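The chain is numbered in sequence order, starting from 1. For clarity, every value in this text was computed on a predicted model and none was experimentally measured.
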Amino acid sequence: MRIKSKLPDTGISIFAVMSALAVKHNAINLSQGFPDFNCDDELLDLFNKYLREGKNQYAPMPGIPSIRERISEKIEKLYGKNYSPDDEITITAGATQALYTAITSIIHKDDEAILFEPAYDSYAPAILSNGGKPVFIPLLAPEFTYDWDRVKDAITARTKLIIINSPHNPTGSVISYNDIQILEEITQDKNIFVISDEVYEHIIFDNLEHFSVSKFPKLSERSFVISSFGKTYHATGWKVGYCAAPKHLSDEVRKIHQFVTFAVNTPAQFAYADYMKDESKYLTLNNFYQEKRDLMIQYLSGSKFRLTPAKGTYFQLLDYSNISDMNDMEFSLHLTKEKGVAVIPLSPFCKDGSNEKLIRICFAKRDEVLQDAAEKLKQL
C-alpha cells in the first residue's frame, strides 16, 4: 500500500535534526528555541496546586474562562483592543497548533498565502496541506525589513492570507508602526486575512515597542493574533498558546480546533490564569532577555563572527562569512560535531535554501552555558 503524501517535499524539522545531533555529539545546544533553566517556582507551585485539587480532566473546548479573561485584560491594557473572553479568545495546544488551525480555517484549494522569508518552518507546510500555495517574499537584509511594493505586486485574486511574525524568528527583527499601517492599507477592501504570529511579543529590546495588529482597528477585524505562554513563562513543554480574533473568525477557528485537540492542558491553564495576575511576570521579560542578549554579544567580542544585535526574540543571527566558505548547513554540522556547539542554519527558513552565511543561536540559556559556548565559537 502506498500513501500519497500531502507534503512530499517536507522532511524532519531542522530543529529536531540539530537537537538530536547536539545530544549525539554532546554539544551545547544553542539550536532549538527553549530555555535550559526552569520556570518560576511560583508557577510550578500553582501547577502542582491544581494537579492536587483534581483539575486533571478535560478543560472547556475554548479554554477555561479565567485564563481567557486574563488574556482579554492583558490585550486591552497593552494594545487597547477588547476581545470578548467568551467568543474571541481560544486556548490552543501551543502557538503552532493555533497557527495550523487558523490557516486551516481560511485556506482552501488553490488559495494563495503570502509569507515573508526567512519564515518560521510551520507556515508553508500548513498552507500546502490545505491545498493552498505559499507565495514567498524575501525580507531585505541586513535589517530584514519589508518590501511592500513587492507585496502589492504579489497580490492576486487568489490571495487570501498574509502572515507576519514580529518579533521575528529567526532574524530577531521587529515590525514598525509604518509597516503595520501599510499592511492595513494593502488589505483594506480586499478579502485578505492576516495571521500575526506574536509569540515573542514581550521579548523586545532597546526600548522598542511591539506593534500588535490588535492595536489597529481596521486590521484587527481581519486578523488572527497568536501568542504563546511557553515563550513568555519559560515553559515551552506545557504547550499552551492562544488565538485572539473577532467572533466571525474565532467561530471558524473553534470549528477546526475542536477536532484537532479539543481541550488543552487543564492544570496549566489554571496555573497561568493565576500567575498572569502579576503583570510584572511578563512586563519585565524584555529586560531579562536583553541582559542575556548583551551578555552573549559581550562573550563573542573578539570573535570572527559579525552580527547586528537582535531587536527581539531570544535568537541572534551570526554572520560567519569571515570564517568559512561552507554553506550554512555544512557549517552548522561542523560546529556541532567538531566544535561542540549546535546552531541552526538559516537556509531551511527559505524556500530556495538561499545561503547568506548566517546561522541562528538561542541565548535563552544559563549565563555559564553562554560563556562556554562563546569560548568554543571564538576558537574559529
- Are Phe288 and His234 an aromatic pair by the rule of ring centers under 6.0 Å? yes
- Note on the structure: By salt bridge (Lys or Arg N to Asp or Glu O under 4.0 Å), Lys339 pairs with (sequence neighbours left out) none
- Message: Using side-chain heavy atoms (C-beta onward) and a distance below 4.5 Å, is Tyr100 in contact with Asn130?
- Response: yes
- Message: Less than 6.0 angstrom separating the ring centers of Phe216 and Tyr177, yes or no?
- Response: yes
- Message: A side-chain contact here means heavy atoms from C-beta on lying under 4.5 Å apart; do Leu78 and Tyr282 qualify?
- Response: yes
- Check for a donor-acceptor pair, side chain of Ser72 on one end and backbone N or O of Arg68 on the other, with a separation under 3.5 Å. no
- With Lys365, which residues qualify under salt bridge (Lys or Arg N to Asp or Glu O under 4.0 Å), at least two apart? none
- Decide yes or no for Asn178 and Gln181: does some side-chain heavy atom of the first lie under 4.5 Å from some side-chain heavy atom of the second? yes
- Within the distance-only criterion (no hydrogens, no angle test), does the side chain of Gln97 pair as donor or acceptor with the backbone N or O of Gly94 below 3.5 angstrom? no
- Are more than 12 heavy atoms from other residues, nucleotides or ligands located less than 6.0 Å from atom CD of Gln57? no
- Give a yes/no verdict on a cation-pi contact between Lys55 and Phe270, requiring under 6.0 Å between NZ or CZ and the six-membered ring centre and an angle within 45° of the axis. yes
- Cation-pi between Lys81 and Tyr83: NZ/CZ under 6.0 Å from ring centre and within 45° of the ring axis? yes
- Task: Answer yes or no: are there more than 12 heavy-atom neighbours, outside Asn207 itself, under 6.0 Å from its atom CG?
- Result: no
- Note on the structure: Given the options His248, Lys255, Lys247, Asp251 meets side-chain hydrogen bond (donor to acceptor under 3.5 Å, both in side chains) only with Lys247
- Task: Taking the six-membered ring for Trp and the full ring for Phe, Tyr or His, determine whether the centres of Trp238 and Tyr233 are under 6.0 Å apart.
- Result: no
- Donor-acceptor under 3.5 Å (Glu117 side chain, Phe136 main chain): no
- Query: Under 3.5 Å, side chain of Ser129 to main-chain N/O of Ala126, donor-acceptor pair present?
  - Reply: yes
- Check: Asp328/Ser347 side-chain N/O donor and acceptor closer than 3.5 Å: yes
- Answer whether the closest heavy-atom distance between the side chains of Ile344 and Pro170 falls below 4.5 Å. no
Mind listing the side-chain donor-acceptor pairs of residues 182-200 below 3.5 Å, one per line with the distance, residues two or more places apart or on another chain?
{"from": "Glu184", "atom 1": "OE2", "to": "Lys218", "atom 2": "N", "distance (Å)": "3.4"}
{"from": "Glu184", "atom 1": "OE2", "to": "Leu219", "atom 2": "N", "distance (Å)": "3.2"}
{"from": "Thr187", "atom 1": "OG1", "to": "Leu183", "atom 2": "O", "distance (Å)": "2.9"}
{"from": "Thr187", "atom 1": "OG1", "to": "Glu184", "atom 2": "O", "distance (Å)": "3.3"}
{"from": "Lys190", "atom 1": "NZ", "to": "Ile186", "atom 2": "O", "distance (Å)": "3.0"}
{"from": "Ser196", "atom 1": "OG", "to": "Glu198", "atom 2": "OE2", "distance (Å)": "2.6"}
{"from": "Asp197", "atom 1": "OD1", "to": "Val199", "atom 2": "N", "distance (Å)": "3.4"}
{"from": "Asp197", "atom 1": "OD2", "to": "Tyr123", "atom 2": "OH", "distance (Å)": "2.6"}
{"from": "Glu198", "atom 1": "OE1", "to": "His210", "atom 2": "NE2", "distance (Å)": "2.9"}
{"from": "Glu198", "atom 1": "OE1", "to": "Ser212", "atom 2": "OG", "distance (Å)": "2.9"}
{"from": "Glu198", "atom 1": "OE2", "to": "Ser212", "atom 2": "OG", "distance (Å)": "3.2"}
{"from": "Glu198", "atom 1": "OE2", "to": "Val213", "atom 2": "N", "distance (Å)": "3.2"}

- Heavy-atom side-chain contact between Leu44 and Asn38 under 4.5 Å: yes
- Message: Can you confirm whether Phe224 sits close enough to Leu161 that some side-chain heavy atom of one is under 4.5 Å from a side-chain heavy atom of the other?
- Response: no
- Are the side chains of Val343 and Phe331 in touch, meaning some heavy atoms are under 4.5 Å apart? no
- Give a yes or no answer on whether the side chain of His257 reaches the backbone of Thr92 with a donor-acceptor pair at less than 3.5 Å. no
- Query: Is there side-chain contact between Asp111 and Ile106, with heavy atoms separated by less than 4.5 Å?
  - Reply: no
- Query: Going by atom types only, do Ser176 and Asp179 share a side-chain donor-acceptor pair under 3.5 Å?
  - Reply: yes
- Item | Whether over 12 other heavy atoms sit under 6.0 Å from Lys304 NZ | no
